[in-house]
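Structure record follows, encoded as structure tokens.
Just so we're on the same page: letters track the sequence lines, and every chain starts at 1.
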There are 2 protein chains.
Amino acid sequence: MIQQAEVVVYDRLVSADILALANDQAEKIYVGKQLDYHCVPQDQINQLLVDKALEGKRVVRLKGGDSFIFGRGGEELETLAEYGVDFEVVPGITAAAGATAYAGIPLTHRDHAQAVQFITGHVQKDGKEMDWQAVAQSNATLVFYMGLKQSGYIADKLLTHGLSAEMPCAIIENGTRPEQRVFRCGLSELRMSPSKQKVQL
Amino acid sequence: MIQQAEVVVYDRLVSADILALANDQAEKIYVGKQLDYHCVPQDQINQLLVDKALEGKRVVRLKGGDSFIFGRGGEELETLAEYGVDFEVVPGITAAAGATAYAGIPLTHRDHAQAVQFITGHVQKDGKEMDWQAVAQSNATLVFYMGLKQSGYIADKLLTHGLSAEMPCAIIENGTRPEQRVFRCGLSELRMSPSKQKVQL
């Protein structure tokens, strides 16, 4: 599918190896996202996909992880549907699954967690506060995407709502990449700024 | 990796196409699981992996979906670790992600769901009841694995704990396979036995 694309629209998390699969002649458009800096606003990405498709081009939208789990794939797809553009979604391995597999941490386990919850680390987005009570009581493995900056806040909320200070936690950086790093600690230690922690992240 | 395996231990959900990737000479052992019938008990599977590995064989354990999300991969891995068997985990696309991608249903969406929760459909396992209040309040897309038989019970619990009767639901059967079928309804309609529903599942 990548090889047949005439246009490839890709994000920061797409590795060079994957991008190299594309045809040399294909137009490659970077719309990468960094943590605090969106190179191209989402509505412009949506429109770009439509414009290229309406030019008759075969477009591949390349994203890291799974585009339907905090990837805003739903918004891009809605725009395509509005304009009557046919599309196909190829699911990916979402960061939570990939990073924990490489770290040897099962997301569910008969003896420990009967569910798993993926939560955006931007926990105070738009001023709405999460229902921390519900999250803390869920008996689920909790995975916070992009949660590093908010890790102290997340830990405080979970401790306040009854989770144990010793609850095992892991911070995973560069998940599934050769440079992946895993920092394990108890929940109370997540409060520390990562820069103060023994293992620099 | 599959091609290099001397032993392939596989489940029911592994398709013939995938299995065909294995070397003709490889020993292929079926330990398949059906919904209500475990062909081989989990502890025997764990031991089988260890035994074959200790014979010096290169073993691939093939599972559908993601072995760390309701796949009991964690238990297999623990046994391997106990016996000092080296292993590598290759993450897969879990059923929730694969099936919804093929159905065009984003698991998270900026406007609708800020989180997603994967829950086992065996909701009363071992007599322990889930915290339905927490689940219903989570503002997460809820995905129940193997939830068809319990769908009426799940719907009742969610309705009792405050979710709307019109909350959009989908039942997905044979996710990601050519014969995938999707039945969409409101939460209150999940109460009906699937056999009574317009679309037979």
Side-chain angles (χ1 to χ4, degrees), chain A residues 42 65-78 81 87-94 96-120 122-123 125-126 128 130-131 133-145 176, chain B residues 42 65-78 81 87-94 96-120 122-123 125-126 128 130-131 133-145 176:
Chain A
Q42 186 62 47
D66 188 290
S67 63
F68 274 1
I69 299 180
F70 307 123
R72 306 190 69 173
E75 293 163 69
E76 298 181 6
L77 181 152
E78 279 175 349
F87 57 84
E88 185 180 340
V89 181
V90 178
I93 292 173
T94 191
T100 55
Y102 280 54
I105 302 171
L107 288 174
T108 69
H109 191 295
R110 217 151 238 249
D111 302 331
H112 307 297
Q114 284 74 50
V116 59
Q117 196 165 167
F118 301 159
I119 302 168
T120 170
H122 303 306
V123 286
K125 191 95 201 155
D126 306 327
K128 279 180 255 162
M130 289 181 55
D131 187 336
Q133 186 72 17
V135 171
Q137 285 176 0
S138 66
N139 196 31
T141 303
L142 304 176
V143 183
F144 292 88
Y145 279 61
T176 76
Chain B
Q42 185 63 47
D66 187 292
S67 62
F68 274 2
I69 299 181
F70 308 123
R72 306 190 68 174
E75 292 163 71
E76 298 182 4
L77 180 153
E78 278 174 348
F87 57 83
E88 184 179 340
V89 181
V90 179
I93 292 174
T94 191
T100 55
Y102 280 53
I105 302 171
L107 289 174
T108 69
H109 192 294
R110 215 152 241 247
D111 301 332
H112 308 297
Q114 284 72 50
V116 58
Q117 196 165 167
F118 301 159
I119 302 168
T120 170
H122 304 306
V123 285
K125 191 97 201 153
D126 306 327
K128 278 179 256 161
M130 289 182 53
D131 186 335
Q133 186 73 18
V135 170
Q137 286 177 359
S138 68
N139 195 30
T141 303
L142 303 176
V143 184
F144 292 88
Y145 279 61
T176 75

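- Within residues 134-142 of chain A, the residues having any heavy atom less than 4.5 Å from a heavy atom of chain B are, in residue-number order, A/Ala134, A/Gln137, A/Ser138, A/Ala140.
- Most heavy-atom pairs under 4.5 Å with chain B, from the set A/Leu107, A/Thr94, A/Leu77, A/Val116: that is A/Val116.
- Here A/Phe70 pairs with A/Tyr145 under the ring-ring contact (aromatic ring centres under 6.0 Å, His included) rule; sequence neighbours left out.
- Of all the listed residues (B/Val90, B/Ile105, B/Val143), the one sharing the greatest number of non-hydrogen pairs under 4.5 Å with chain A is B/Ile105.
- Proximity to chain B is absent for every atom of A/Phe87, based on heavy atoms less than 4.5 angstrom apart.
- Among all heavy-atom pairs drawn from B/Pro106 and A/Gly74, the shortest one is CG-CA, 3.5 Å.
- Between atom CD of residue A/Glu75 and atom CG of residue B/Asp111 there is a gap of 6.0 Å, rounded to the nearest 0.5 Å.
- Atom OG1 of A/Thr108 is separated from atom CZ of B/Arg72 by 10.0 Å, given to the nearest 0.5 angstrom.
- Between atom CZ of residue B/Arg110 and atom OG1 of residue A/Thr120 there is a gap of 8.0 Å, rounded to the nearest 0.5 Å.
- For the atom pair CG (B/Asp66) and OG1 (A/Thr100), the distance works out to 7.0 Å, reported to the nearest 0.5 Å.
- Considering only heavy-atom pairs separated by less than 4.5 Å from chain A, the leading option among B/Ala81, B/Gly104, B/Ser67, B/Gly92 is B/Gly92.
- The shortest heavy-atom contact between B/Pro91 and A/Ala101 is CB-CB, 3.7 Å.
- The shortest distance between side-chain heavy atoms of B/His109 and A/Glu78 falls below 4.5 Å.
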